[in-house]
Asks: 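Have a look at this one.
Both ligands and their constituent atoms are indexed starting at 1 by order of listing. Predicted model only: the values in this text are computed from it and were never measured.
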Amino acid sequence: MLSRRQFLLGAAALGAAAADVKPPAPYGALPSPRQLRWHEMEFYGFLHFTVNTFTDREWGNGDEDPNLFNPSAFDADAIMEALKAGGMTGAILTCKHHDGFCLWPTRTTEHSVRNSSWRGGKGDVVKELSEAALRHALKFGVYLSPWDRNHPQYGKPEYIQVYRDQLRELLTGYGPIFEVWHDGANGGDGYYGGARERRTIDKRTYYDWPNTWELVRSLQPDAVIFSDVGPDIRWVGNERGYAGDPCWETYDPVGEDGGLASPGNVKAAESGTGTRHGSRWLPPECDVSIRPGWFWHERENTRVKTLEQLMSLYYRSVGRGGSLLLNVPPDRRGLLHENDAKSLAAFGGRVRSTFATNLAAHAKVMASNVRGRNKAFDARNLLDGDRHSYWSTDDPVTSAEVVFDLPRPVTFNVIRVREYIALGQRVDAFAIEANGSTIAEGTSIGSCRLIRLEKDVTASGIRLRITRAAACPAVSEFGLFAEPA
Ligand code: FUL
């Protein structure tokens, strides 16, 4: 531990050294620019909406009459307003679920809104929602189920072209897309154009994913691609909305049989934790529904997750370096049900008020080591509310600490730490002390680590200790917050 004198000596010398101190060399697998942009989104919505909403099912067979899709009061702006009130940064729509019904007037099949009497066959859910998202400054993403229980060619090589044509329509006709979502459910029985049979496919080879992802890259280079195995964002391994602890941003997925992994074929038990020192930056997205099911069902109106349940999920997803993808399914009117909207708004309000004020913002900051004693890497960067500036140490220093000295005691119950992930995931372990005793310890930090304390702590002296790191740490933010009771 450092004496106050050592700290002051270190501080006095700051800025005295040469101005051209180099930033730390990156460590390990690194995020791409599109992944870095995605990391800043943290919380966004899933919209499960299709014929299932009207048939009360979770998986349609593919033989549903398109006319069933007929929301009586669909209002894309009202939906986006609710997502915005909840604090979401974007929305991903099930443009086509397993039943094959397309929510846009595709040229690839008759099984779409074009053959529904909704809006006289002139409706386009994808258009209305993508445009409303833009109006509300929300990003828009697409879910296109690979498994298609309606299409006659599903299971044959020809279907891959159909799937790609559908992707092309979605990625060229609806503005910027932030995420393309491929689920892992694959093959089985269906209508299949009247054949009504069971079709199995080889999950590893049938879809020829590499070439489909090339197409996505060429049409929407800024979009991240999600599946069980990335290539940009990984499934977290459960549909209950939380990541592991530790949760590493890097991951080398392995197939269920120990071989090559592919969408629908991954050792899901490992996806929540990821792989320390893994060869790919592949951060987790935690998907979960605000209700028991993914689609709206009348009987579940009373089973909407509460504010407290949503808060708990937030701490275990966003707070572990992943994102939270919360499903809020529109009902038969084409609106969010009042109970869902109410819970979501309460949650958004709680997150906003919790993180509105960093109680450490006015602390005096003293670090045991500052890289090259250079201001650019000063520990004050931890408090500037900017995740693009950071505190770092000299290369050989892989354990270091920062003391935050507050003018008067503050009371807090949440701690937030962020690494400067553009330089990789560097920290292996950290601890936080208040009034001289340890109040929290953890391992992975990554883009965001939230620690929710069991009870309020009041202190004026706080210490952040990086106790182990694979390379000199680069930490961008430190915050103390008070979640209201
Ligand atoms: C899964 C699907 O089978 C579920 O119906 C839901 O869409 C979920 C998000 O992904 O793979």
Side-chain angles (χ1 to χ4, degrees), residues 43-62 64 69 83 88 90-103 125-126 129 140-151 154 163 166-167 170 179-191 198-201 203 206-207 209 212 224-230 233-243 253 256 261-269 271-272 284-297 300 305 313 317 322-331 340:
F43 173 48
Y44 41 90
F46 222 170
L47 297 170
H48 272 69
F49 191 38
T50 192
V51 288
N52 293 344
T53 312
F54 301 87
T55 55
D56 223 3
R57 298 192 60 167
E58 280 289 305
W59 282 6
N61 262 330
E64 294 81 8
F69 183 83
L83 302 197
M88 290 179 171
I92 299 177
L93 171 69
T94 53
C95 299
K96 181 185 84 170
H97 202 251
H98 308 327
D99 56 80
F101 182 74
C102 295
L103 293 183
V125 181
V126 182
L129 282 171
F140 186 72
V142 296
Y143 169 133
L144 186 70
S145 167
W147 183 24
D148 188 321
R149 300 173 98 181
N150 172 269
H151 206 281
Y154 181 80
Y163 186 75
Q166 293 180 342
L167 261 183
L170 291 172
E179 179 164 336
V180 177
W181 214 93
H182 307 289
D183 72 273
N186 275 299
D189 54 9
Y191 172 72
R198 195 179 166 76
R199 294 188 181 176
T200 46
I201 50 111
K203 293 185 248 189
Y206 176 60
Y207 295 107
W209 286 114
T212 298
V224 288
I225 302 174
F226 165 96
S227 82
D228 293 351
V229 298
I233 308 299
R234 75 179 194 252
W235 181 46
V236 75
N238 67 68
E239 292 185 334
R240 294 186 302 282
Y242 58 86
E256 278 156 350
S262 56
N265 167 35
V266 69
K267 273 193 183 155
S271 302
E285 179 182 82
C286 308
D287 61 326
V288 64
S289 184
I290 199 164
R291 300 162 158 252
W294 291 102
F295 289 91
W296 177 85
H297 307 289
E300 294 181 353
K305 289 191 173 59
L313 289 177
S317 55
S323 69
L324 176 58
L325 172 57
L326 180 67
N327 179 59
V328 281
D331 61 16
D340 304 46

Asks: Taking the six-membered ring for Trp, are H97 and F295 ring centroids under 6.0 Å apart?
Replies: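 Centroid distance H97-F295: below 6.0 Å, so yes.
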Asks: Holding to salt bridge (Lys or Arg N to Asp or Glu O under 4.0 Å), I want the full list of residues that pass it with R199, two or more places apart in sequence or in another chain.
Replies: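 Result, salt bridge (Lys or Arg N to Asp or Glu O under 4.0 Å) vs R199: E197.
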Asks: My understanding is that only residues two or more places apart in sequence, or in another chain, count here; which of them pass ring-ring contact (aromatic ring centres under 6.0 Å, His included) with F46?
Replies: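 In terms of ring-ring contact (aromatic ring centres under 6.0 Å, His included), with neighbours along the sequence ignored, F46 is linked to H48, Y143, W181, W294.
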Asks: Could you name the protein residues that come within less than 4.0 Å of ligand 1, counting only heavy atoms, and order them by chain and residue number?
Replies: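 Residue list for ligand 1: F46, H48, W59, H97, H98, Y143, W181, D183, A185, E239, D287, W294.
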Asks: Measure up the F69 and F54 rings against each other and bin them: parallel (under 30°), tilted (30 to 60°), perpendicular (over 60°).
Replies: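 The arrangement is perpendicular - the two ring planes meet at more than 60°.
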Asks: Can you confirm whether the side chains of N186 and Y207 place a donor and an acceptor under 3.5 Å from each other?
Replies: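 Yes - a donor-acceptor pair under 3.5 Å links their side chains.
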Asks: Under the ring-ring contact (aromatic ring centres under 6.0 Å, His included) test, which residues partner H98, sequence neighbours left out?
Replies: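 Applying ring-ring contact (aromatic ring centres under 6.0 Å, His included) to H98 gives W59, W147.
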